Amino acid sequence: MRIENLCVKRQIGDVAGATTRGHKMAIKGGYIYQTFQGGYTLTPTGWRVVHKIENIIRDEMDKIDGQEILMPVVCTADLWRETGRYDAMAVLAKFKGSSGADYVICPTHEEVVTDYARSVIGSYRQLPFMLYQIQTKFRDELRVRAGLIRTREFIMKDGYSFHETQEDLERYYKLCFDAYYRIFRRCGLKNIIDVMSSTGDMGGAVAHEFQLVNEMGEDTLYICDCGFRANKELEDQQGGGENAVCPKCGKPMQKVRGIEIGNIFQLGKKYSDSMHMTYTAADGTEKTPIMGCYGIGVGRTMAAILEESADDNGPIWNMETAPFAVEVIGLVDKENKTLPMAEKIYNELKNAGVDVLLDSRDIRAGEKFADADLIAAPIRLIVSEKNLSRNVIEVKYRVNDFDTSSLQSEFKIETCVADTLNTIQKLLHK
RNA sequence: CGGGGCGUAGCUCAGUCUGGUAGAGUACUUGCUUUGGGAGCAAGGUGUCGAAGGUUCGAAUCCUUUCGCCCCGACCA
């Protein structure tokens, strides 16, 4: 992609209507465009980032034998009446079709997935399995906040597992727990913790949230040296509050703010029971599966990265999440040698399958560098008169979770493409 | 839904109190000079002043209504 044709508006100077660092970066860098309150268009660069996060999630879900599906965004009210949530869920958006039928825009998919799963299941031999999707949700939240941190429409990865026994659910729950840490680490997030949480509208007994510890977070978390960590909602249920003491060891707990980007629940039989999902067990009796569910806010994960990882010049992605792996910058010279060379390197990288951006505009160097900081490709190749005279291409790095001090600061022209491919691999495997 | 704030050029904003030809910076287009961290000169285009009513000779400005947006609270798989 040539930068002049990239349909993304980057912005110099202040942005109006954004207060947190991440929200400002998202607007300044042109990653999101607000279409309405609580609804954002993901721009070409924003969508690239989201897509990369999604693919990390897919990769890790598939590793624990998750099976990707896609359910409808909208469904009729009957499934929601089966579980009683049609009238119980405050954020549920409802509308009537032209025939008068009641519809909901799904805020989560327990009902829909259980309806599918019960149509498939017959025997205990089919258990366990986990189904997941990455899809748009809508929740009619009372208030939105900080760009993609809290929206009404958002992309979520939601997974649902089905088991014969509580022991098997707990075994899988732990697998998913570990996969979540791998996902967030690969996204470049550093300060992630898991906390025990309340189960809210979801039902069930055991639940954990994955929180990015960050001062602009909207959740209050309690952390104890002994390892106990809980969300304020849960803590309140246990009689905590200000000056809470740890229920496990009795010592005072530390209070921090967090952005919730994922959560997992041991649901039990709430949905499988109320929706009459059964299978035939080994002893010939009809039994109800035990369920778990596993969510990640995909857009919110991008927003969390932006809150945690940016400098004054723009966001700092890592190689797995950056919209482009490489940006080639040709600095204008009098003899017109640099731009053809930049173009040549760009084409070779593109043919090698690299996500590469070319900036060969007839503008000043400073403007290109500042713009490059907003797009934040981890590898920046600079083609200039002074470098060409030495037969090299200058390399600069912008990456949030890799020590680049041991990497080359210039490539020889002849080996530039191979060296770049090599370096991309290094930045991918930490 | 309560409290506070804001809607004027693509963007950031002034002008509103005290009514009188629509503004600045930046961005954009063209030309010349520049060219390693958002250049200089010259010329050029840019608006339903969020919308609708009302008052007035005259409304961005005053009055009423309405729509949208931001922040705080309540709420929150």
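Note that the structure is predicted; figures quoted are calculated from it, not measured.
Of the candidate nucleotides B/G38, B/G37, B/C71, B/G38 has the atom lying nearest to any side-chain atom of A/L374. With distances taken from any side-chain atom of A/D362 to the nucleotides B/U34, B/G37, B/A39, the minimum falls on B/U34. When distances are taken from the side chain of A/R364 to each of B/U35, B/C69, B/C71, the shortest belongs to B/U35. Relative to the side chain of A/D371, the nucleotides B/G37, B/G38, B/C71 differ in distance, and B/G38 lies closest.
Across all strands shown, A/G13 has no heavy atoms under 4.0 Å from either base or sugar-phosphate atoms. Note on A/R300: nothing from the nucleic acid sits closer than 4.0 angstrom, heavy atoms only. Residue contacts for A/A370: at a heavy-atom cut-off of 4.0 Å it reaches a base atom on one of the strands shown. Across all strands, A/I264 comes closer than 4.0 Å to no nucleic acid atom at all (heavy-atom distances). Using a 4.0 Å heavy-atom distance criterion, A/N263 is classed as a base contact.
For A/K269, the side-chain contact (heavy atoms from CB on, under 4.5 Å) test picks out A/S272, A/D273, A/T288, A/I290, with sequence neighbours left out.
For the pair A/E4 CD and B/A27 C1', the interatomic distance rounds to 17 Å; values are reported in whole Å. The NZ atom of A/K334 sits 11 Å away from the C1' atom of B/U33 (whole-angstrom rounding). For the pair A/M216 CE and B/C70 C1', the computed distance is 14 Å after rounding to whole Å. One can place CZ of A/R145 at 8 Å from P of B/G73, the figure rounded to the nearest angstrom. Rounded to whole Å, atom C1' of B/C70 lies 16 Å from atom CD1 of A/I149. As rounded to whole Å, 13 Å separates atom P of B/A39 from atom CZ of A/F369. In this entry the distance linking CZ of A/R152 with C1' of B/C70 reads 13 Å, nearest Å.
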Protein-nucleotides 44-47 of chain B N/O pairs closer than 3.5 Å?
none

Detail all sub-3.5 Å separations between protein N/O atoms and N/O atoms belonging to nucleotides 1-11 of chain B.
| unit_1 | atom_1 | unit_2 | atom_2 | d |
| --- | --- | --- | --- | --- |
| B/G10 | O2' | A/K9 | NZ | 2.8 |
| B/C11 | O3' | A/Q11 | NE2 | 3.4 |
| B/C11 | O2' | A/Q11 | NE2 | 3.0 |

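Residue A/Y181 qualifies as enclosed at atom OH: its count of foreign heavy atoms under 6.0 Å is above 12.
Taking the nucleotide of RNA chain B with the nearest heavy atom to each of A/Q37 and A/I363, the more 5' of the two is matched to A/I363.
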Intermediate values then yes/no, side-chain contact (heavy atoms from CB on, under 4.5 Å), A/K157 and A/E54
CA-CA 8 Å; A/K157 188 284 292 182; A/E54 288 180 355; over 6 Å; no
